[in-house]
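As the structure is a prediction and not an experimental result, all values here were calculated from the model.
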Amino acid sequence: QVQFVESGGGLVQPGGSLRLSCAASGFTFSSYAMGWLRQAPGKEREGVSCIDSTDGSTYYAHSVKGRFTISRDDARNIVYLQMDNLKPEDSAAYYCVTEALPLGCRQSWDLMFKDAWGQGTQLTVSS
């Protein structure tokens, strides 16, 4: 069974930084693209970022481009999301996800962010 355990969320002031982590299991981690999505009350689910398995190419939503950085450690089955210059509108529950088929971020972007599984980790950006 595919399982994800997100961690690293918390309360941070605007302009601050935080790094989220996701420990994955139940599949061949190194063969699949990994991503992060977020869900906030009253807002639509938003795909945040994705990182490919083959060449490590990264992709970002326009709302976070230039501020967030996704990375992965295939030896430890962990995907990270470094968040800098945080804004109040970044406040949300963050979840990590993977693609159903090993096609890469470019082809899997829309489908892989359809559902949020697991408990996620909460980020609150407030002064």
Side-chain angles (χ1 to χ4, degrees):
Q1 294 290 333
V2 176
Q3 293 184 334
F4 302 117
V5 180
E6 299 96 341
S7 62
L11 176 63
V12 63
Q13 295 183 329
S17 298
L18 207 63
R19 188 178 74 163
L20 306 182
S21 299
C22 172
S25 62
F27 66 105
T28 307
F29 181 85
S30 62
S31 298
Y32 289 82
M34 292 294 299
W36 289 91
L37 64 81
R38 63 187 182 186
Q39 178 70 66
K43 297 182 179 180
E44 294 185 357
R45 183 179 298 107
E46 178 183 27
V48 176
S49 184
C50 183
I51 182 169
D52 278 325
S53 63
T54 305
D55 59 5
S57 297
T58 57
Y59 302 82
Y60 302 91
H62 290 296
S63 58
V64 306
K65 188 172 296 183
R67 299 187 298 116
F68 289 13
T69 303
I70 189 171
S71 61
R72 64 190 296 160
D73 184 342
D74 288 342
R76 301 175 63 192
N77 284 19
I78 298 176
V79 60
Y80 302 95
L81 185 67
Q82 176 66 44
M83 306 179 294
D84 299 318
N85 191 24
L86 285 164
K87 305 176 183 296
E89 50 263 45
D90 293 319
S91 298
Y94 285 73
Y95 303 83
C96 61
V97 296
T98 190
E99 57 185 343
L101 297 173
L103 302 176
C105 295
R106 200 167 186 175
Q107 294 182 252
S108 298
W109 180 274
D110 291 335
L111 187 59
M112 70 189 298
F113 296 126
K114 183 178 180 180
D115 299 303
W117 294 1
Q119 296 182 327
T121 185
Q122 181 69 44
L123 168 68
T124 301
V125 183
S126 177
S127 59

Is there a donor-acceptor pair under 3.5 Å between the side chain of Thr98 and the backbone N or O of Ala33?
yes
Would you find a donor on one side and an acceptor on the other, under 3.5 Å apart, between the side chain of Tyr80 and the backbone of Thr69?
no
Is there a donor-acceptor pair under 3.5 Å between the side chain of Thr124 and the backbone N or O of Ser91?
no
Aromatic ring pairing Phe27/Phe29, orientation class (parallel under 30°, perpendicular over 60°, tilted between):
tilted
Rounding to 0.5 Å, atoms OH (Tyr32) and CG (Leu101) come to a distance of 7.0 Å
Within the side chain of Gln1, is there an N or O that forms a donor-acceptor pair under 3.5 Å with the backbone of Gly26?
no
Check the angle between the aromatic planes of Phe68 and Tyr94 and answer parallel, tilted or perpendicular using the 30° and 60° thresholds.
tilted
Around Gln119, counting heavy atoms of other residues, nucleotides and ligands shown, do more than 12 lie under 6.0 Å from its CD?
no
Can you pull the side chain to side chain donor-acceptor pair (under 3.5 Å) pairs that have at least one residue in residues 14-23, sequence neighbours excluded?
Ser17-Asp84
Does CZ in Arg45 sit with more than 12 non-hydrogen atoms of other residues, nucleotides or ligands closer than 6.0 Å?
yes
Indicate yes or no for a side-chain donor-acceptor contact from Glu99 to the backbone of Cys105 under 3.5 Å, with no hydrogens or angles considered.
no
No-hydrogen, no-angle side-chain donor-acceptor test under 3.5 Å, Ser57 and Asp55:
yes
